[in-house]
Amino acid sequence: MLVKVLHNGNCSKSNAVLEYLDENGVPFEIINIVEDPLSILEIKTVLKKLNQSVFHIIRKTEKLYLENFASKNLSEDEWIKVLSENPSLIQRPILIKGSVAMLGRPIENVKYFIEK
């Protein structure tokens, strides 16, 4: 089954997962979330597939987060809008296979996800 990878080319973990998939012959499609940001609906769909709240996919170590959002108490919908406008704040990679998704870190989880 084709695996969709929500990817940021500037992320070493994301690049490592693509390399792992390629080396193991896993068919995948790259969705570059920086060049083609996810819409609010797409983020909600990903969260449903992850079975997680938006707070699970926010990169809280990112400079943009620390400078602009760390002190804010935003709702889930407000965070989804922030992520749609600032894709660098989304954890990556996120792997999607059919109706389920997972964060692609640590890489050991990717192997389990692919084989499942």
Side-chain angles (χ1 to χ4, degrees):
M1 174 180 283
L2 182 72
V3 175
K4 292 182 180 186
V5 182
L6 303 185
H7 175 68
N8 178 337
N10 296 324
C11 175
S12 61
K13 301 263 193 250
S14 199
N15 288 322
V17 166
L18 293 183
E19 188 176 317
Y20 175 85
L21 295 174
D22 193 46
E23 288 174 355
N24 288 278
V26 177
F28 62 92
E29 173 188 349
I30 298 170
I31 300 168
N32 188 321
I33 60 173
V34 173
E35 292 175 7
D36 190 17
L38 300 176
S39 69
I40 288 171
L41 180 61
E42 288 169 323
I43 293 171
K44 287 181 176 182
T45 301
V46 169
L47 291 170
K48 186 174 181 183
K49 291 180 180 192
L50 283 167
N51 196 27
Q52 295 285 342
S53 77
V54 70
F55 307 105
H56 183 72
I57 66 166
I58 299 168
R59 291 179 55 86
K60 295 177 182 81
T61 57
E62 201 73 26
K63 182 179 178 185
L64 177 65
Y65 173 85
L66 295 171
E67 291 179 355
N68 298 303
F69 300 104
S71 63
K72 295 188 178 179
N73 187 16
L74 302 179
S75 70
E76 180 131 350
D77 284 340
E78 289 169 326
W79 270 116
I80 290 170
K81 185 174 186 320
V82 166
L83 294 181
S84 72
E85 296 168 352
N86 300 279
S88 67
L89 292 177
I90 299 175
Q91 290 283 5
R92 67 265 179 171
I94 296 175
L95 286 75
I96 303 169
K97 188 170 71 169
S99 63
V100 294
M102 69 158 282
L103 281 175
R105 50 180 49 190
I107 194 125
E108 294 77 27
N109 291 353
V110 174
K111 182 179 179 188
Y112 173 76
F113 183 74
I114 299 306
E115 293 172 354
K116 187 175 163 189

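Numbering of residues begins at 1 and proceeds along the displayed sequence.
Side-chain atoms of E62 do not come within 3.5 Å of backbone N or O of L89 as any donor-acceptor pair. When atom types are taken as modelled, the side chain of R105 and the backbone of K13 share no donor-acceptor pair closer than 3.5 angstrom. Panel note: side chain E19, backbone A16; no donor-acceptor pair is recorded below 3.5 Å. The backbone N or O of N8 sits nowhere less than 3.5 Å from a side-chain atom of N32 that would complete a donor-acceptor pair. A donor-acceptor pair is defined here as one N or O able to donate and one able to accept, closer than 3.5 Å; no such pair exists between the side chain of N24 and the backbone of V26. Under a 3.5 Å cut-off, the side chain of D22 and the backbone N or O of L18 do not form any donor-acceptor pair. Between the side chain of K49 and the backbone N or O of G98 there is at least one donor-acceptor pair closer than 3.5 Å.
Atoms CG and CG, from N109 and L95 in turn, are 10.0 Å apart once rounded to the nearest 0.5 Å. Taking CZ from R92 and OG from S14, the interatomic distance works out to 7.5 Å, rounded to the nearest 0.5 Å. Atoms CG and CD1, on D77 and I40 in that order, are 8.0 Å from each other to the nearest 0.5 Å. One finds the CG atom of L2 at 5.5 Å from the CD atom of E29 (value rounded to the nearest 0.5 Å). Put simply, CD1 on I30 and CG on D36 are 13.0 Å apart, with the number rounded to the nearest 0.5 Å.
Under the 4.5 Å side-chain heavy-atom criterion for ILVMFWY residues, a single connected hydrophobic cluster contains both Y65 and L74. Grouping the Ile, Leu, Val, Met, Phe, Trp and Tyr side chains by contacts below 4.5 angstrom, directly or via other members, places L47 apart from M102. Following chains of ILVMFWY side-chain contacts shorter than 4.5 Å, one can reach F55 starting from I94, so the two form part of one hydrophobic cluster. Follow the hydrophobic side-chain contacts under 4.5 Å out from I31 and you never reach V17; the two are in separate clusters. Note on I80: it clusters hydrophobically with I33, by side-chain heavy-atom contacts below 4.5 Å among ILVMFWY residues.
Side-chain contact between S88 and R59: absent, with no pair of heavy atoms (C-beta onward) separated by less than 4.5 Å. Looking at L83 and I58, their side chains come closer than 4.5 Å, going by heavy atoms from C-beta outward. When side chains are defined from C-beta on, H56 counts as touching L103, because their heavy atoms get closer than 4.5 Å. No side-chain heavy atom of L6 sits less than 4.5 Å from a side-chain heavy atom of I90.
Contact record, P37 with E42: O-OE1, 4.1 Å, taken as the closest heavy-atom pair. Considering all non-hydrogen atoms of both residues, S84 and S39 come closest at CB-C, 4.3 Å.
Taking F69 as the reference, W79 meet the ring-ring contact (aromatic ring centres under 6.0 Å, His included) condition, with sequence neighbours excluded.
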Could you walk me through whether V5 and L21 satisfy the side chain to side chain contact (heavy atoms under 4.5 Å, CB included) test, starting with their C-alpha distance in whole Å, then the side-chain angles of each, then the deciding distance to 0.1 Å, before giving a yes or no? CA-CA 10 Å; V5 182; L21 295 174; 3.6 Å; yes

Trace of the side chain to side chain contact (heavy atoms under 4.5 Å, CB included) decision for K97 with F113: CA-CA 9 Å; K97 188 170 71 169; F113 183 74; 3.6 Å; yes

For S75 and E78, what are the C-alpha separation, side-chain angles and deciding distance, and is it a side-chain hydrogen bond (donor to acceptor under 3.5 Å, both in side chains)? CA-CA 5 Å; S75 70; E78 289 169 326; 3.3 Å; yes

Show, in sequence, the C-alpha distance, side-chain angles and deciding distance for K60 and L66, and conclude whether the side chain to side chain contact (heavy atoms under 4.5 Å, CB included) test is met. CA-CA 7 Å; K60 295 177 182 81; L66 295 171; over 6 Å; no

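With a 6.0 Å cutoff to the six-membered ring centre and a 45° limit on the axis angle, K111 does not count as a cation-pi contact of Y20.
For E35, the CD atom is loosely surrounded, since the number of other residues' heavy atoms within 6.0 Å does not exceed 12.
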